[in-house]
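Let me begin by presenting the structure, written as structure tokens, before commenting on it.
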Amino acid sequence: MSDPAPTSSTTTTGGSADNSGGSEAGGVPIILQGVTKKYPGTDAAAVDNIDLEIGAGEIVMLVGPSGCGKTTTMRMVNRLIEPTSGTISIDGEDVLSLNDVKLRRTIGYVIQQIGLFPHLTIEQNVAMVPKLLGWDKSRISTRVEEMLAVVGLDPHEFAHRFPRQLSGGQQQRVGVARALAADPPIMLMDEPFGAVDPITRTRLQDEFLNLQQKLRKTIVFVTHDFDEAVKMGDKIAVLDKGSRVAQFAAPEEILTSPADDFVAGFVGQGATLKRLQLERLDSLDLHQSSRSTHDGVTPLPVRSTLHDVLDAMIADGRDELPVEKDGQLIGTVTLEDLLDRVRALREEADGKLSRRGDETGGVA
Amino acid sequence: MSAAVDLLSDPDGRDTKLHQAPSLLTWRDLGIPLLCTAVVVGELYYLSQVTLGASQANILEIDNLVLRTREHVVMTLTITVIVLALAVPFGVLITRPRFRWLASPVLALGNIGQAAPIVGLLAIIGSFVFGFWPVVGMIAAFSILPVLRNTIVGIEQVDVGVKDAARGMGMSPMGVLMRVELPLAIPIIAAGTRTALILAVAVIPLGTDMNAGALGELVFAGIKLNRAESLVCGALLIAVLALLVDWASGLAQRALTPRGIR
């Protein structure tokens with residue numbers, strides 16, 4: 001995140017699949033080629049000839065207006081919906097040639113409705129896929145405990161409860177644990193945090209990102225919330241009707257240089273502010289100031305986003321704020337620094353845009 | 001009293017309650033059996049006190065009462081088995097994607113069948129055949145609908161998200177049915193079965209005219225002889241049986257319902 005160049009930040013993420021930690025399996029690439037879904041009796045295809053390359057260990061956000069085909073696209077990856085034509089490969093293997101039921105056991109699946117089995121305990125819910133895969137009992141129960149702990153639920157407290165005894169946020173934690181239980185290299189997530197309150201949603205998002213840092217799964221994440229896409233995605237595919245890929249790029253790039261009016265419209269107002277959410281204080285050179293005029297001002301943690309910094313400046317009515325790291329003051333940041341940063345980002349984007357203009361001009 | 005103790009031992013009362021399995025039998029559940037016992041005992045006592053005419057004495061003999069009651073119970077159980085064996089598999093079949101289009105016509109047809117008066121049907125059938133099986137078959141055919149309808153509704157009402165998650169994690173269609181759809185449909189299927197059972201208990205006496213025996217014998221004898229004792233005794237025993245069947249099937253429904261959705 002500290003790297004300001006949008007393209008390089010994605011390549012680092014994409015390439016880091018190999019440094020997956022522990023025994024967990026990292027992600028594998030997914031490639032969609034000319035994938036089309038046409039329902040009988042309709043003229044327009046729900047998904048029209050989409051090409052998408054999803055790198056190992058990436059979170060790719062499919063974002064677009066309702067009915068654009070983003071969920072359909074996602075559901076074709078685990079063949080809950082069969083493509084009419086085109087090919088989908090996971091780790092080089094053509095999924096259409098595999099047994100669909102067995103295929104799904106190797107792909108984590110999290111949905112907005114959560115879909116926990118209400119008649120089964122939390123433990124039995126999480127154990128379901130390992131059980132389908134025929135793991136032995138002791139391995140399953142160790143794994144269930146491990147997974148509940150991973151998603152922040154105390155196994156002793158929750159394992160024997162039933163879903164209805166949990167809050168919505170807790171239920172979706174179980175949903176994530178259940179999807180991860182058999183350690184699938186790929187996760188499909190359809191608006192997983194869409195049904196919980198904003199505070200819980202933010203917390204679940206943050207925790208999931210932390211988890212993903214360790215797991216490095218390949219994740220296809222569907223959302224209609226562009227802010228969520230910006231926050232969660234290594235890359236965002238902005239989809240228009242029929243799953244037309246309007247732009248497929250890192251969040252930074254989409255915010256600074258939307259490919260067309262549709263993307264710009266989807267990014268919406270406040271793109272610059274959203275862009276600031278992707279930049280953290282540690283990407284700036286801080287001023288070393290010996291002044292002790294910051295008494296009574298709470299210093300900002302160095303992990304704060306520039307958006308938070310701006311917010312604090314406006315709230316405090318100051319154009320300079322102290323910054324701390326592990327409780328130590330390490331310098332100050334000024335409003336001028338923020339403006340400079342925004343200017344730099346814009347120039348960078350303009351440079352890229354003109355380069356792109358040259359390319360397209362050359363093709364034409 | 002025990003509830004109060006639980007609340008004291010764990011300050012978080014709601015949690016305690018949720019952690020424990022709701023007990024299957026409570027004091028309240030004993031009301032119906034007690035009432036029924038009281039009615040039967042009262043009736044037997046009354047019969048022992050009155051002087052019955054020769055015509056009624058045979059009918060109201062204790063051996064005959066037991067025999068007729070047993071016949072009634074056997075017919076009820078037979079009907080239940082037939083209904084469950086036919087309605088549940090058929091209902092499941094109709095909810096499968098390939099046959100789903102059948103659901104509406106089948107239910108419509110069933111509703112038409114249900115609207116036909118069973119007394120009339122028994123009368124028509126009764127003019128051709130007699131005995132146990134025709135009556136059982138007739139009533140079973142009539143009782144299938146509530147179970148069939150509830151099986152279909154019970155399976156279709158299973159949350160779409162739950163079914164989607166089940167499929168998405170790699171359950172086979174049969175796995176989804178056995179592990180998810182049927183367990184979650186049980187309360188509704190059981191409710192339909194309960195309706196069908198009560199219906200059967202209540203309609204079986206009408207089959208008496210077809211020589212199927214059962215408690216209807218007492219009622220019809222009372223009518224023919226113009227004797228209130230026999231008629232009332234028969235009616236009371238049928239009512240008691242209906243209440244007990246309702247009570248027992250209510251308990252069974254509760255016991256069969258998975259804990260998590262109870």
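Residues A/Q113 and B/K163 form no side-chain contact, since every pair of their non-hydrogen atoms from C-beta on lies 4.5 Å or further apart. Using a 4.5 Å heavy-atom cutoff, the side chains of A/Y109 and B/D164 are in contact.
Residue A/L103 does not touch chain B at all, counting heavy-atom pairs closer than 4.5 Å. For A/R178, the part lying under 4.5 angstrom from a heavy atom of chain B is the side chain only. Contact annotation for A/L132: only side-chain heavy atoms (C-beta onward) come within less than 4.5 Å of a heavy atom of chain B.
Heavy-atom neighbours of chain B within the stretch residues 120-130 of chain A, taken at a separation under 4.5 angstrom, comprise A/M128, A/V129. Scanning residues 166-174 of chain A against chain B with a 4.5 Å non-hydrogen threshold yields no residues. Among the residues in residues 86-99 of chain A, none has a non-hydrogen atom closer than 4.5 angstrom to a non-hydrogen atom of chain B.
Interatomic distance, CZ of A/F117 versus CG of B/L184, reported as 9.0 Å (0.5 Å rounding). Between atom CZ of residue A/R164 and atom CD1 of residue B/I261 there is a gap of 9.0 Å, rounded to the nearest 0.5 Å. Here A/I111 contributes atom CD1 and B/M169 contributes atom CE; the two are 8.5 Å apart, rounded to the nearest 0.5 Å.
When the shell of 6.0 Å around CD1 of A/I199 is examined, it contains 12 or fewer heavy atoms from other residues, nucleotides or ligands.
A distance-only check finds no donor-acceptor pair linking the side chain of A/H119 to the backbone of B/T257 [under 3.5 Å].
Per-residue heavy-atom pair counts under 4.5 Å with chain A were compared for B/P258, B/S172, B/G168, B/A166, and the maximum is reached by B/G168.
When all heavy atoms of A/G115 and B/A165 are compared, the closest pair comes out as O-CB, 3.5 Å.
Salt-bridge check for A/D100 with B/R167: failed, with every basic side-chain N at 4.0 Å or more from each acidic carboxylate O.
Residue pairs that meet the side-chain hydrogen bond (donor to acceptor under 3.5 Å, both in side chains) test with at least one member in residues 138-154 of chain B, sequence neighbours left out, are B/N111-B/R149.
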